[in-house]
Structure formats: structure tokens, C-alpha cells
J.: 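The structure is given below, and queries will be raised subsequently.
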Amino acid sequence: MSFDVEITDIGNDGEGIGRVDGYTLFVKDAVIGDRLRVSVMKAKKNYAYAHLDQIITPSPYRIKARCPIARQCGGCQLQNMTYDKQLEFKASKVRNNIVRLGGFDAGYIDSVMEPIIGMEEPWRYRNKAQYPIGNDKNGNPVAGYYAGRTHSIIPVGDCLIGIEENKQILDIILSHMKNHKISAYDESSARGLIRHVLIRKGFESGQIMVCMVINYRNKKNTKSAAGDYIPGQQVLIEELAAVKGMTSISVSINTDKTNVIMGSEIHTIWGEDAIKDTLRGIEFEISPLSFYQVNPAQTKKLYGQAIDYAKLSGKETVWDLYCGIGTITLSMAKAAGQVYGVEIIPDAIEDARRNAASNGIENATFMCGKAEEVLPDYYKKQEGDAIHPDVIVVDPPRKGCDEKCLDTMLKMAPDRIVYVSCDSATLARDLRILCDGGYELKAVRPCDMFPWSGHVETVCLLSGPGGRGQCHLDKDFPSQSYSYN
Ligand code: SAH
């Protein structure tokens with residue numbers, strides 16, 4: 001069945017949305033403002049997925065994707081849209097989610113929304129890339145991306161959101177594989193040596209790391225004393241070491257039948273175990289397994305905004321929940337009295353402590369555990385002023401904060417809460433809970449950390465306790481209508 005439809009909205013994954021007689025159509029690769037001929041592929045009661053057959057009138061915001069494989073790769077869903085329109089879409093997505101899912105008054109949210117933080121040059125921004133290695137139809141090794149949710153690899157030439165050195169490094173590894181007849185890992189048979197290549201660069205330091213994930217078992221199944229993991233390893237090392245900026249070459253052993261990329265055993269075969277990078281004046285050590293924000297230029301701006309919202313004068317007690325390797329915690333430590341970081345992953349906490357020590361920061365304490373357990377435990381044990389911090393910062397994963405964590409935050413009653421979020425739907429739900437608990441939403445600022453994808457980061461400031469009357473909720477929004485899961 002085919003229709004003519006105008007695209008009037010964009011869905012969460014960047015797909016175009018159009019309506020025909022109240023029926024909703026989702027169309028991949030469509031841009032707001034396009035008039036399209038589409039054919040229905042999968043129909044449900046109220047909506048359908050449709051295929052873009054023909055562009056009747058292109059949207060004024062439609063541009064030609066720069067990357068030739070943008071459609072197949074799926075990493076950049078919005079490469080067909082001008083960057084300005086993309087920023088507008090992301091800002092309105094945040095605004096609409098807070099209004100509709102959080103039940104806030106639309107006029108009030110418009111008054112506290114600050115302009116989205118975009119990038120001046122939204123290309124080559126990623127400091128990390130992970131490429132699966134496989135074989136093409138002719139059996140030659142290729143590096144690329146899995147097509148959609150499949151297991152076939154689309155060869156990537158030069159990914160335009162990654163660094164230029166990625167291609168140079170991949171070319172060295174692929175031609176070495178060809179010359180030495182080294183097999184790529186095949187998922188279905190679990191055979192073959194090279195599984196993935198991870199590349200990271202410190203944008204401030206210029207240091208580059210390459211880590212090859214290998215399905216390596218040596219014959220006696222013991223650790224190889226000589227550290228020879230790849231045929232012709234010395235030649236490969238020499239070629240990789242000649243790449244400008246290269247400081248660390250390692251292998252990660254992963255022999256499991258799993259789609260987890262990295263193995264836990266890592267051996268440095270040349271250079272250092274980690275690269276260094278500086279973020280907001282603090283030096284971080286980044287090993288192949290460390291979590292580190294992938295867009296350093298925007299991270300700097302996002303943290304800058306979070307620090308502004310925290311209004312630190314040098315004396316404050318600050319909690320940073322979901323702190324990772326302590327990037328926000330340590331950025332705030334210089335301007336605060338005492339900072340506490342809480343994070344679930346033990347390795348990240350170790351990194352955070354090491355980073356604090358190597359930067360001479362003595363007023364940071366890190367605790368390992370779930371925020372929803374560490375915070376209530378701490379609250380129970382403390383008395384008096386100690387339980388009222390000045391600021392609590394949260395930066396949770398997509399599912400947002402746990403209800404117990406929010407509940408304890410309300411009991412601790414900090415003067416300010418700074419909420420950094422990568423999912424505006426769970427952000428909306430949590431803002432509503434905090435405002436129901438007496439906080440007032442003072443500012444909302446979206447930030448584009450992932451240009452050309454549908455994702456958007458947001459930082460919000462809440463101050464409290466303001467009392468229920470100041471919550472600016474939509475009066476018609478039924479209380480408790482948000483769901484918690
Ligand atoms: N603020 C950091 C990391 C943010 S990512 C940065 O900007 O670099 C979110 C972090 O929350 C991850 O490091 C993840 O491991 C951690 N996390 C996930 N669930 C958690 C929980 N229940 N309690 C504490 N930390 C958690």
C-alpha cells in the first residue's frame with residue numbers, strides 16, 4: 001500500500017513521522033518538511049513502518065549525507081538534516097519530554113530553557129572508535145560496522161565523526177592481516193584471530209592507543225612468555241608505532257562466544273599501558289577498559305555548565321553520583337570544600353582515586369557501590385549538618401536515577417541539584433519526582449554531545465526546597481501518572 005505523506009516530526013531514533021488520516025507512519029531516512037511517497041511495510045492498529053520510495057518535494061532542511069554509508073551504518077541517523085535544524089529538533093525533544101512526560105507547565109519550561117550547546121565544527125569529534133573485523137565476500141579482511149542489528153559488516157572507509165588516524169591504523173592492520181594470512185574472527189564458528197580494533201586518542205595530549213581484541217589461545221593454553229600474540233607481531237608493531245601520536249599498543253584476549261567486545265585480560269605489546277588526556281585542567285589516565293566521555297570538546301562545555309549551575313565558592317560539600325572515573329567530581333574539587341563520588345564499577349573508582357592522587361587533589365572521597373545503596377547508608381549513619389550537602393550532582397545511565405536514590409536526595413535536602421542526563425524521558429520522570437518533593441526547576445540546558453545521531457544530553461539546575469506551590473506543574477497532569485520501571 002502506498003501513500004503520499006508530509007513528514008512533520010522526528011521519532012526518538014531519528015526516524016521521520018507523518019500522519020495520514022490520523023494514522024501514524026514512521027519512515028526511516030526522512031526529514032521534517034519532506035513530502036514523500038512511501039509504502040507500508042509493517043502495519044499495526046494505529047501506526048505503521050513505511051519505506052521511503054520517492055521524495056516528491058524535499059524538505060528545505062534536507063542535505064546530502066556526507067558519509068556514503070550513512071544509511072547502512074545506522075550510527076548517524078540525522079546526516080540528511082542541516083545541523084541547525086538538528087539542534088532545534090534536539091532542543092524541542094528535551095522540552096517536549098519534560099512537558100509531556102514530566103507534566104510541567106509548557107510556558108514555564110519555555111521560560112527556563114536555555115539555548116542548546118551545539119558544536120561549531122560537528123565532525124571528527126569522537127576520541128574513541130571500535131571496529132569489528134570480518135571478511136568481505138571475497139574473503140579479504142575488512143573493518144567496519146555491523147549493518148543495523150545484523151552480523152554482516154559494512155566496510156567503512158573514513159568515518160567522518162572519528163579521527164583521521166583511524167583509517168591509517170586500520171589500513172596497517174588489514175594489510176598486515178592479508179600479508180600474513182591472519183584470519184578475522186567469525187562469529188558463527190567462533191574461529192579466527194582478530195575480533196575488534198579499539199582506537200582512542202587524547203585530544204589535548206595527542207596521544208593515541210590501539211588495542212586489538214583477539215581470540216587467542218596459545219598451544220599449551222598458558223600465558224605466552226614471549227608475548228607473541230599475532231603472526232609477524234614485530235613488523236606490525238613497527239608500522240603502528242610509526243603513526244604520529246602512537247604511545248600505546250596492546251592486545252585484549254577475548255575467547256568467549258559473546259558480543260561483549262573487550263576481554264578482561266589486556267597485554268601491552270609496545271609503549272605505555274594507558275594514554276593521558278587533560279580535561280578542564282585535570283590529567284586523566286585512560287586505559288583500554290576505562291570509561292571516558294567520547295566527545296571531549298562538548299564534555300568540556302557540558303561540565304562547565306554543570307559547574308556554573310553548582311555555584312561553588314570553595315567551601316561547599318558536593319556529592320557526584322554515578323561519577324564514573326570522577327571526571328565531574330575532580331573538576332568540581334578545586335572549587336569546592338569536599339567532594340564525594342559514588343560509582344558502581346570498582347575499576348572506575350580505582351581510576352578515580354588514582355587520578356585524584358596524581359593531580360594532587362586531597363578533598364575528594366570515592367565510594368564504590370550503587371548510588372541507591374551508598375547514599376541511604378551514609379544518610380542513616382550521619383547526623384546534623386553533615387547530611388545536608390550544598391550540592392548533589394547526578395549523571396545516571398539512560399534508565400535514570402533509582403527511586404530510592406531520589407528519595408534520599410530529597411531527605412538530604414541539598415541547596416542545589418544538578419542533573420546531567422543522556423535520556424530526556426527518564427530525566428522528565430525524575431524531575432517530576434524531585435519537584436513533587438519540593439524542588440524548583442530553575443534551568444534546563446540541552447547539549448549536543450553526538451552530532452548526527454538522535455541523542456541529546458541535558459543539564460538541569462534545581463533549587464530547593466521550594467515548596468509545592470512553586471513547582472510549576474501542569475495542573476491537569478494527574479499526580480502519579482508517570483511510571484517507574
Ligand atoms: N559522570 C561520569 C560518568 C557518567 S556515565 C562521566 O561524565 O564521565 C554513568 C555512570 O553511572 C557509569 O559510570 C555507570 O557505571 C554508573 N552507574 C550505573 N548504575 C549505577 C548505580 N546504580 N549506582 C552508581 N553508579 C552507577
Side-chain angles (χ1 to χ4, degrees), residues 117 125-128 200 202-204 260 262 264 277-287 289-307 309-310 318-333 336 339-356 359 364-379 391-409 412 417-424 426-427 430 445 447-450 455-460 484-485:
I117 306 171
Y125 61 81
R126 281 187 70 99
N127 60 9
K128 171 180 164 182
R200 296 181 111 167
F203 277 23
E204 292 275 329
V260 174
M262 302 293 288
S264 50
D277 197 30
T278 311
L279 191 62
R280 297 196 67 88
I282 296 168
E283 193 174 79
F284 290 93
E285 240 185 45
I286 307 149
S287 68
L289 292 174
S290 306
F291 175 87
Y292 191 61
Q293 293 280 357
V294 298
N295 182 337
Q298 292 301 91
T299 302
K300 221 184 284 176
K301 296 184 205 163
L302 180 77
Y303 289 180
Q305 187 60 66
I307 292 169
Y309 285 163
V318 179
W319 283 75
D320 178 22
L321 308 179
Y322 312 88
C323 70
I325 59 165
T327 28
I328 299 180
T329 337
L330 297 176
S331 304
M332 291 193 172
V339 293
Y340 297 93
V342 181
E343 160 65 41
I344 197 170
I345 296 179
D347 282 351
I349 284 289
E350 260 175 50
D351 281 348
R353 288 187 182 134
R354 213 186 28 249
N355 289 327
N359 284 280
T365 306
F366 290 98
M367 300 173 209
C368 189
K370 292 183 178 170
E372 60 272 26
E373 290 172 4
V374 172
L375 205 63
D377 282 356
Y378 179 88
Y379 177 74
V391 180
I392 296 182
V393 180
V394 296
D395 184 7
R398 283 204 191 162
K399 66 177 186 197
C401 295
D402 187 275
E403 206 169 8
K404 236 187 286 149
C405 176
L406 293 170
D407 191 49
T408 312
M409 285 163 64
M412 288 170 86
I417 294 173
V418 179
Y419 196 130
V420 182
S421 157
C422 55
D423 184 324
S424 53
T426 56
L427 169 70
D430 291 352
R445 181 133 214 213
C447 177
D448 189 22
M449 296 280 266
F450 309 103
H455 298 290
V456 56
E457 203 92 2
T458 312
V459 51
C460 294
Y484 210 96
N485 47 34

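Read the numbers this way: they start at 1 and go in the same order the structure lists the ligands and their atoms. No experiment lies behind these values; they were computed from the predicted model shown.
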J.: Do you see a donor-acceptor pair shorter than 3.5 Å between the side chains of Tyr419 and Asp430?
T.: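 Short answer, yes.
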J.: For Asp407, which residues count as a side-chain hydrogen bond (donor to acceptor under 3.5 Å, both in side chains) partner, sequence neighbours excluded?
T.: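 Per chain and number, Asp407 pairs via side-chain hydrogen bond (donor to acceptor under 3.5 Å, both in side chains) with no residue.
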J.: If you take all heavy atoms of Phe366 and Gly326, which pair is closest and at what distance?
T.: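 Smallest heavy-atom distance, with atoms named: CE2-CA, 3.9 Å.
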J.: Quick one: pull up OG1 in Thr327 and CG in Asp395 and give me the separation to the nearest 0.5 Å.
T.: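 Thr327 OG1 to Asp395 CG: 7.5 Å, rounded to 0.5 Å.
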J.: Is atom NZ of Lys370 surrounded by more than 12 heavy atoms (other residues, nucleotides or ligands) closer than 6.0 Å?
T.: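 No, because the 6.0 Å sphere around NZ of Lys370 holds 12 heavy atoms or fewer from other groups.
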J.: Students should find this: residues with any non-hydrogen atom under 4.0 Å from ligand 1. What is the answer?
T.: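 Contacting ligand 1 under 4.0 Å are Phe291, Gln293, Tyr303, Tyr322, Cys323, Gly324, Thr327, Ile328, Glu343, Ile344, Ile345, Gly369, Lys370, Ala371, Glu372, Asp395, Pro397.
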J.: Mind listing the closest non-hydrogen atom pair of Cys368 and Val374 along with its distance?
T.: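 Heavy atoms of Cys368 and Val374 come nearest at O-CG2, 4.2 Å.
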